[in-house]
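Below, all heavy atoms of this structure are taken into account, side chains as well, without hydrogens, waters or symmetry copies. Naming: A, B, ... by sequence-line order, numbering from 1 per chain.
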2 protein chains.
Amino acid sequence: MSAKSNTPRSKYVPRAASITIKDVAREAGVSVASVSRVMNGHDNVQAETRARIQAVIERMRYSPHLGARELITRRSRIIGVLLPDLHGEFFSELIRGIDTAARERKLHLLLSSAHGDAAEMVAAIQSMRGRVEGLLIMAPHLDASGISERLSEPVPMVFMNSRVEGGLPSVSIDSYSGARAMVRHLVSCGHRTIAHISGPADNFDSHERRRGYEDELAASLPGARALILPGDFGEASGHAAGCALAARSPRPDAVFAANDMMAIGALSAFGSQGLEVPRDIAIAGFDDIPLAAFVRPALTTARVHIAELGRLALRRVVAAIELALGQPLDEPGDLAPDCLTLQPEPVVRQSCGARLAGPLNEK
Amino acid sequence: MSAKSNTPRSKYVPRAASITIKDVAREAGVSVASVSRVMNGHDNVQAETRARIQAVIERMRYSPHLGARELITRRSRIIGVLLPDLHGEFFSELIRGIDTAARERKLHLLLSSAHGDAAEMVAAIQSMRGRVEGLLIMAPHLDASGISERLSEPVPMVFMNSRVEGGLPSVSIDSYSGARAMVRHLVSCGHRTIAHISGPADNFDSHERRRGYEDELAASLPGARALILPGDFGEASGHAAGCALAARSPRPDAVFAANDMMAIGALSAFGSQGLEVPRDIAIAGFDDIPLAAFVRPALTTARVHIAELGRLALRRVVAAIELALGQPLDEPGDLAPDCLTLQPEPVVRQSCGARLAGPLNEK
DNA sequence: CTCGCATGTGTAACCGTTTACATGTTGGTG
DNA sequence: CACCAACATGTAAACGGTTACACATGCGAG
């Protein structure tokens with residue numbers, strides 16, 4: 001019979017082994033437990049021993065393997081973020097908001113973008129299982145309620161700007177009210193025929209803004225016909241729609257674009273068609289992206305705090321995690337309500353043709 | 001003495017235990033090994049057994065705990081992305097590019113933003129240890145070479161648009177050449193006094209563009225004085241600089257802004273000062289963000305494929321990982337060169353005052 | 001009829017941590 | 001002086017997977 005080898009099997013150390021807690025323990029002449037205690041700032045270790053271990057940790061530049069820690073503690077401090085294929089500043093602002101709030105809480109973000117149906121979303125979520133503690137999901141194109149049911153196990157999740165049912169936690173922008181307010185404003189400026197450039201057909205916000213346009217039109221200008229041109233939230237589609245509107249006869253007095261990008265595209269189209277805004281045609285957008293204030297004429301729009309949306313969503317998911325855990329993550333948590341709706345706030349600039357009295361309504 | 005309990009210690013199951021491979025194995029009446037084999041698509045399991053296990057997996061909706069798998073396989077399929085505090089479309093385009101390439105390879109992105117010095121960067125990287133297989137780093141404000149040295153263990157990493165030394169892998173935009181080309185173009189349009197709105201002082205790209213401006217000015221217009229106004233890559237700073245330039249006497253013929261955002265800000269300032277672009281003053285930007293084509297007059301700029309930068313950086317880090325591993329991650333890898341420089345390509349539109357013959361140089 | 005080999009399945013070691021519990025070692029107290 | 005608390009430290013189980021190796025079986029060849 002062969003003697004049992006007590007050297008570790010080499011097969012299990014295929015690559016350059018990194019420094020583990022065991023290496024530190026051996027080097028310092030203590031057990032792994034003590035090293036662990038020092039690493040986690042426990043106080044039940046003698047000052048002298050602690051110093052020795054500390055020194056070795058620094059000398060070897062040991063930093064713990066978070067994956068392993070996560071396995072036993074079941075805390076990863078990672079939030080999964082699932083977004084559709086987003087463009088432009090909306091995307092970056094949203095991420096910034098989420099990231100800001102995450103940084104404050106020392107949380108990490110695992111990003112995943114899926115531009116597909118519910119099945120793809122579920123797959124993406126599954127592929128995060130065992131890594132994330134909570135989920136932030138933006139599913140603007142479909143009914144988000146189905147997603148959570150299709151999951152094998154419940155993960156704390158918060159939806160952003162999605163159509164949710166059944167009281168799932170969510171943070172949204174009130175696109176409908178914002179659109180109504182904007183149309184109302186255009187009417188108050190004296191415009192009587194108001195066209196709409198809509199966003200993608202399968203998008204929730206897009207749908208809500210269009211609905212707001214239609215309802216307010218019917219309410220404010222009884223008898224007025226809705227005129228809707230399709231767009232896709234991109235500048236190019238706004239440009240195209242702008243060209244179409246400029247060529248139209250009779251030309252509408254004003255245009256309400258479903259977002260600023262398209263409004264800017266339309267503005268550019270009007271300019272190249274020789275129309276003067278707002279004298280010949282007025283326009284208003286939605287979102288108040290930073291550029292809206294810098295185009296000529298400056299764009300009237302509905303301000304949406306996108307970063308705030310992200311920030312609130314993250315705080316909400318933290319609250320959901322704490323709820324599931326039955327204990328605060330760190331400090332006493334900041335529990336937000338289950339369903340939150342942010343109100344867009346109209347920003348009146350030049351493009352709508354409002355007769356501004358006194359100082360401009362501008363930051 | 002007390003009998004040794006053989007029930008698992010309850011302390012270790014503090015929360016709703018999720019379905020593990022053991023549950024599946026028990027339910028299917030096999031060992032965990034067989035379940036694992038099925039999950040990983042190994043062929044050494046009988047068709048009948050496989051079907052039974054498969055059924056249980058689906059019924060219980062089992063999906064493996066990735067963190068645990070990662071521990072033993074040492075593969076997480078996660079790439080860490082470390083970015084500075086970025087704004088606007090540059091950020092979103094970059095992420096999109098990285099994400100696109102990551103999706104193709106079924107990799108995940110762990111996002112972290114740090115707007116600080118090297119120490120903070122190192123801390124952020126440490127906090128990813130044991131979770132990421134590679135790193136994508138953008139450190140525009142400092143010498144990135146120091147970072148890799150301060151790390152306890154080498155992780156495959158690729159820098160983006162950073163000042164690197166010592167042949168560290170990187171993907172960058174050739175801001176210097178781009179700036180020279182743009183200034184050269186302005187000169188060729190007949191402009192003789194050309195001002196520059198620069199980016200943040202501690203930014204690498206900003207520095208390179210400014211250097212390109214100065215060198216080309218000296219080369220093309222010997223004796224011309226450089227006129228540099230400070231900016232910060234934001235529209236507002238461009239607007240402020242634009243106001244200052246418009247009020248200046250004598251007014252420069254043309255302005256080269258270090259990025260499009262500032263150029264658009266300046267454009268807006270010129271408009272509100274009653275100047276007509278390009279007749280009274282010409283302007284050119286850098287980046288070619290989508291909006292550049294939609295402002296009036298359309299902005300002449302240097303096109304930078306930001307998404308491409310991200311895509312290439314990700315491919316490069318995959319190559320670096322494969323190199324470190326000594327084997328391809330999946331299929332034969334696409335090894336990119338160690339240091340890659342992307343050339344910006346001038347896009348001539350109206351704002352520079354070029355006498356465009358024939359069809360516009362526009363997509 | 002044995003032997004060898006292929007094939008399918010189970011057992012247990014291992015990844016790098018945390019932590020409950022056991023085991024010293026003190027020092028104070030009755 | 002025995003006893004016990006308090007404290008420091010070590011030991012080993014556990015987290016949820018993967019996989020090398022052992023083992024059992026069936027079958028064809030010598």
#### Entry: Pair A:Arg131 + B:Glu70, salt bridge at N-O below 4.0 Å
yes

#### Entry: Residues in side-chain contact (heavy atoms from CB on, under 4.5 Å) contact with B:Arg26, at least two apart in sequence or another chain
B:Asp23

### Summary
The nucleotide from D:dT19, C:dT17, D:dG16 with an atom nearest the side chain of A:Thr20 is C:dT17

### Query
Quick one: A:Leu71 CG to D:dT18 C1', roughly how many Å, whole number?
13 Å

### Query
Of all the choices, C:dT17, C:dT11, D:dC15, which nucleotide is nearest to the side chain of B:Ala33 once you look at every atom?
C:dT11

### Task
Round to the nearest Å and state the distance from A:Ile72 atom CD1 to D:dA13 atom P.
13 Å

### Task
Please list, chain by chain and in numerical order, all residues satisfying salt bridge (charged side-chain N to carboxylate O under 4.0 Å, His left out) with A:Arg311, sequence neighbours excluded.
A:Glu308

Protein-nucleotides 7-9 of chain D N/O pairs closer than 3.5 Å?
from, atom 1, to, atom 2, distance (Å)
D:dA8, O3', A:Gln46, OE1, 3.4
D:dT9, OP1, A:Gln46, OE1, 3.2
D:dT9, OP1, A:Thr49, OG1, 2.4
D:dT9, OP2, A:Gln46, N, 2.8
D:dT9, OP2, A:Thr49, OG1, 3.3

### Task
Check the distance between D:dA12's C1' and A:Lys22's NZ and give it to me in whole angstrom.
11 Å

### Message
Distance check needed: C:dT17 C1' versus B:Arg131 CZ, whole Å only.
### Response
13 Å

### Task
Could you give me the CA-CA distance, side-chain angles and deciding distance for B:Ser127 and A:His108, then say whether side-chain hydrogen bond (donor to acceptor under 3.5 Å, both in side chains) is met?
CA-CA 9 Å; B:Ser127 81; A:His108 284 261; 3.2 Å; yes

### Nearest-angstrom distance from the residue atom CZ of A:Arg75 to P of C:dG16
23 Å

#### Entry: Candidates B:Met60, B:Glu58, B:Gln54 - the one meeting side-chain contact (heavy atoms from CB on, under 4.5 Å) with B:Val56
B:Met60

### Summary
If each end axis of the helix from C:dC1-D:dG30 to C:dG30-D:dC1 is fitted on five C1' pair positions, the angle between them, to 10 degrees, is 70°

### Query
C:dT18 P sits how many Å from A:Leu66 CG, rounded?
9 Å

### Candidate nucleotides D:dG17, C:dT17, D:dG16, ranked by approach to the side chain of A:Ile21 - the nearest
C:dT17

### Task
Let me know the distance between CD of B:Glu70 and P of D:dG16, rounded to the nearest Å.
15 Å

### Residues that B:Arg69 engages under salt bridge (charged side-chain N to carboxylate O under 4.0 Å, His left out), provided they are two or more places apart
none

### Task
State whether B:Arg69 places a side-chain N or O below 4.0 Å from either non-bridging phosphate oxygen (OP1 or OP2) of D:dT18.
yes

### Query
Got B:Ile125 and B:Leu82 here, is their nearest side-chain heavy-atom distance under 4.5 Å?
yes

### Query
Out of D:dG16, D:dA14, C:dT19, which has the shortest distance to the side chain of A:His42?
C:dT19

### Task
Look at the side-chain N and O atoms of A:Arg74 and state whether any lies under 4.0 Å from the OP1 or OP2 oxygen of D:dG16.
yes

## Note on the structure
Here the distance between atom P of C:dC15 and atom NE2 of A:His65, to the nearest Å, is 12 Å

#### Entry: 4.5 Å side-chain heavy-atom contact, B:Leu340 and B:Ser170
no

### Task
Using salt bridge (charged side-chain N to carboxylate O under 4.0 Å, His left out) as the criterion, list what pairs up with B:Arg52, not counting sequence neighbours.
none

